[in-house]
Every structure is written in structure tokens, then in C-alpha cells.
Amino acid sequence: AYMIKNPPRSLVISIFMIGAFAVGMTEYVVTGLLTQFANDLNVQVSTTGLLLSVYALSVAFFGPIIRLLTLKFPPKLLLIMLISIFIISNIVAATAPNFEVLLLSRLLSASMHAPFFGVMMSLAMAISPPHKKTGAVALVNGGLVIAVMLGVPFGSYVGAVLDWRVVFWIIVFLGIINLLGLILV
């Protein structure tokens with residue numbers, strides 16, 4: 001009922017960039033928060049490195065499996081489902097009572113990473129004329145680049161000044177913006 005009919009390509013690409021930014025920030029921001037996790041959750045800083053390893057292993061292991069299991073899903077529905085998993089996993093991270101729950105949230109978040117990027121890239125190409133296909137992929141990936149360049153340092157700063165949980169709430173907010181955008185277009 002509230003969908004935008006025939007949305008401009010630039011709007012769709014922008015929504016994809018927001019999603020790429022949010023997922024990229026979630027992936028990398030933990031590198032600047034390891035000390036805060038260790039102090040707050042009573043674990044060694046070296047143990048908090050598992051938050052990175054588990055994420056990477058989950059992307060590599062679950063990404064292809066989830067994509068194979070969802071090949072028949074309509075792309076829009078699949079993106080909505082995947083960003084919903086992302087939102088839930090980051091709510092779990094923001095409210096994690098202990099390190100194990102935070103680790104589980106990372107596993108859950110990473111499981112949606114590869115299929116989410118894959119579907120966004122294929123849709124960005126599908127809605128673009130031939131001479132703009134590679135540019136569309138570059139723009140969507142631009143969200144990830146901006147996350148690494150600006151989102152991660154910003155998240156590290158917020159985590160140091162306020163609290164690491166606030167960073168995950170910011171990521172939840174970005175995920176909700178992306179979800180609404182995906183629903184509307």
C-alpha cells in the first residue's frame with residue numbers, strides 16, 4: 001500500500017548503500033571496541049578477538065548455505081528477511097548480558113552478510129542499464145568503504161566516550177532505516 005511504484009534507480013542504490021554501510025560497520029566496528037568488551041564482559045582482550053574470527057568464519061560457512069537454501073525466494077522478500085536477521089542480531093548484541101551471547105549475536109549477524117551483499121549486487125546490476133552496471137556495484141560497495149573509513153572510527157569513538165552498546169543501537173537504527181527503505185521500494 002505504501003510502496004513507491006517504479007522508484008528511481010538512484011533511490012534503490014542509495015538504500016542498498018545504507019544497508020552495505022550498516023553491515024560493514026557491524027563487521028568491522030568491533031576492532032575498535034575490544035577493550036570495552038573485555039572490561040564490561042569480564043573477559044581477556046585476547047578472547048574478544050573471537051568476535052572477529054567468529055564473524056569471518058560465519059560469513060564463509062553460512063553465507064553459501066543460506067544463499068542455496070533461499071534461491072527460490074523473491075529478492076525483495078529475501079533482503080527484508082536478511083536485514084531483519086541483522087536487526088535482531090544487533091539488538092541481541094546491544095543487550096548481551098555476557099560474552100557468549102555477544103559471540104552468538106556475531107554468528108547470527110554474519111550469517112546474513114554474504115547473501116545480503118550478493119542479492120543487493122545482483123539487483124543493483126539488474127536495475128541498471130548495461131553501461132552503468134559496474135558503477136552500480138561500485139556504488140553499493142561504496143557503502144562498505146564508507147563504513148570502514150567513517151563508520152568504524154565513529155563507532156570506536158562512540159564506544160569509548162559513551163558505551164559499546166550505544167554503537168550497536170546505532171547499527172540497529174541504520175538497519176531499521178534500511179528495512180523501511182527496502183519495504184518501500
Enquirer: Determine the minimum heavy-atom distance between Val148 and Val152, stating which atoms define it.
Expert: O-CB, 3.8 Å
Enquirer: Determine whether Val161 and Ile170 fall in the same hydrophobic cluster, where Ile, Leu, Val, Met, Phe, Trp and Tyr are linked whenever their side-chain heavy atoms lie under 4.5 Å apart.
Expert: yes
Enquirer: Which is it for Glu100 and Val43 under the side chain to side chain contact (heavy atoms under 4.5 Å, CB included) test, yes or no, and what are the steps along the way?
Expert: CA-CA 10 Å; Glu100 292 76 16; Val43 294; 5.8 Å; no
Enquirer: Are any of the side-chain heavy atoms of Leu182 and Phe16 separated by less than 4.5 Å?
Expert: yes
Enquirer: So Ile66 and Met112, do their side chains get closer than 4.5 Å, heavy atoms only?
Expert: no
Enquirer: Kindly determine whether Arg165 and Asp40 satisfy side chain to side chain contact (heavy atoms under 4.5 Å, CB included), including the steps that lead there.
Expert: CA-CA 10 Å; Arg165 294 176 190 278; Asp40 191 44; 3.3 Å; yes
Enquirer: If you measure from CG on Leu11 to CG on Leu184, what distance do you get to the nearest 0.5 Å?
Expert: 8.5 Å
Enquirer: Walk me through whether Ile13 and Ser10 qualify under side chain to side chain contact (heavy atoms under 4.5 Å, CB included).
Expert: CA-CA 5 Å; Ile13 298 291; Ser10 60; 5.7 Å; no
Enquirer: Give a yes or no on whether Lys133 atom NZ has more than 12 heavy-atom contacts from other residues, nucleotides or ligands under 6.0 Å away.
Expert: yes
Enquirer: How far does CD1 of Ile183 sit from CD1 of Ile15, to the nearest 0.5 angstrom?
Expert: 10.5 Å
Enquirer: Give the minimum heavy-atom separation between Met121 and Val137, together with the two atoms involved.
Expert: SD-CG1, 3.7 Å
Enquirer: Please say yes or no: joined through hydrophobic side-chain contacts below 4.5 Å, possibly via intermediate residues, are Leu52 and Trp164 part of one cluster?
Expert: yes
Enquirer: Is any side-chain heavy atom of Leu41 closer than 4.5 Å to one of Gln36?
Expert: no
Enquirer: Is there side-chain contact between Leu102 and Ser105, with at least one heavy-atom pair below 4.5 Å?
Expert: yes
Enquirer: Closest approach of Asn178 and Gly19, non-hydrogen atoms and distance?
Expert: ND2-N, 3.2 Å
Enquirer: Using 0.5 Å steps for rounding, measure from the CG atom of Leu123 to the CG atom of Leu79.
Expert: 6.0 Å
Enquirer: I need the minimum non-hydrogen distance between Val140 and Met17, along with the two atoms involved.
Expert: CA-CG, 4.0 Å
Enquirer: Measuring only between side-chain heavy atoms, which start at C-beta, is Lys76 closer than 4.5 Å to Val185?
Expert: no
Enquirer: To the nearest 0.5 Å, what is the distance between CG on Asn90 and OG1 on Thr95?
Expert: 10.5 Å
Enquirer: Quick check for you: to the nearest 0.5 Å, what is the distance between Ile88 atom CD1 and Ser109 atom OG?
Expert: 11.5 Å
Enquirer: Linking I/L/V/M/F/W/Y whenever any side-chain heavy atoms sit under 4.5 Å apart, do Leu82 and Ile87 land together?
Expert: yes
Enquirer: Just verifying a value: how many Å separate Asn39 CG and Leu34 CG, rounded to the nearest 0.5 Å?
Expert: 11.0 Å
Enquirer: Grouping I, L, V, M, F, W and Y whenever their side-chain heavy atoms are under 4.5 Å apart, do Ile85 and Leu57 come out in a common cluster?
Expert: no
Enquirer: With side chain to side chain contact (heavy atoms under 4.5 Å, CB included) as the test, would you mind laying out the steps for Tyr28 and Leu144 before giving the verdict?
Expert: CA-CA 10 Å; Tyr28 294 112; Leu144 180 61; 4.2 Å; yes
Enquirer: Check the hydrophobic clustering (I, L, V, M, F, W, Y; side-chain heavy atoms under 4.5 Å; chains of links allowed) and say if Ile80 and Phe173 are grouped together.
Expert: no
Enquirer: Would you name the heavy atoms of Gly155 and Val167 that are closest together and state the gap between them?
Expert: O-CG2, 3.1 Å
Enquirer: Please give me the minimum heavy-atom distance between Gly151 and Met25, naming the atom from each residue.
Expert: O-CE, 3.4 Å
Enquirer: Do Phe86 and Leu179 come close enough that some side-chain heavy atom pair is under 4.5 Å?
Expert: no
Enquirer: Side chains of Val92 and Leu104, heavy atoms from C-beta outward: is any pair under 4.5 Å?
Expert: no
Enquirer: Picking from Arg106, His113, Glu27, what satisfies side-chain hydrogen bond (donor to acceptor under 3.5 Å, both in side chains) with Tyr55?
Expert: His113
Enquirer: Is there side-chain contact between Leu51 and Phe99, with heavy atoms separated by less than 4.5 Å?
Expert: yes
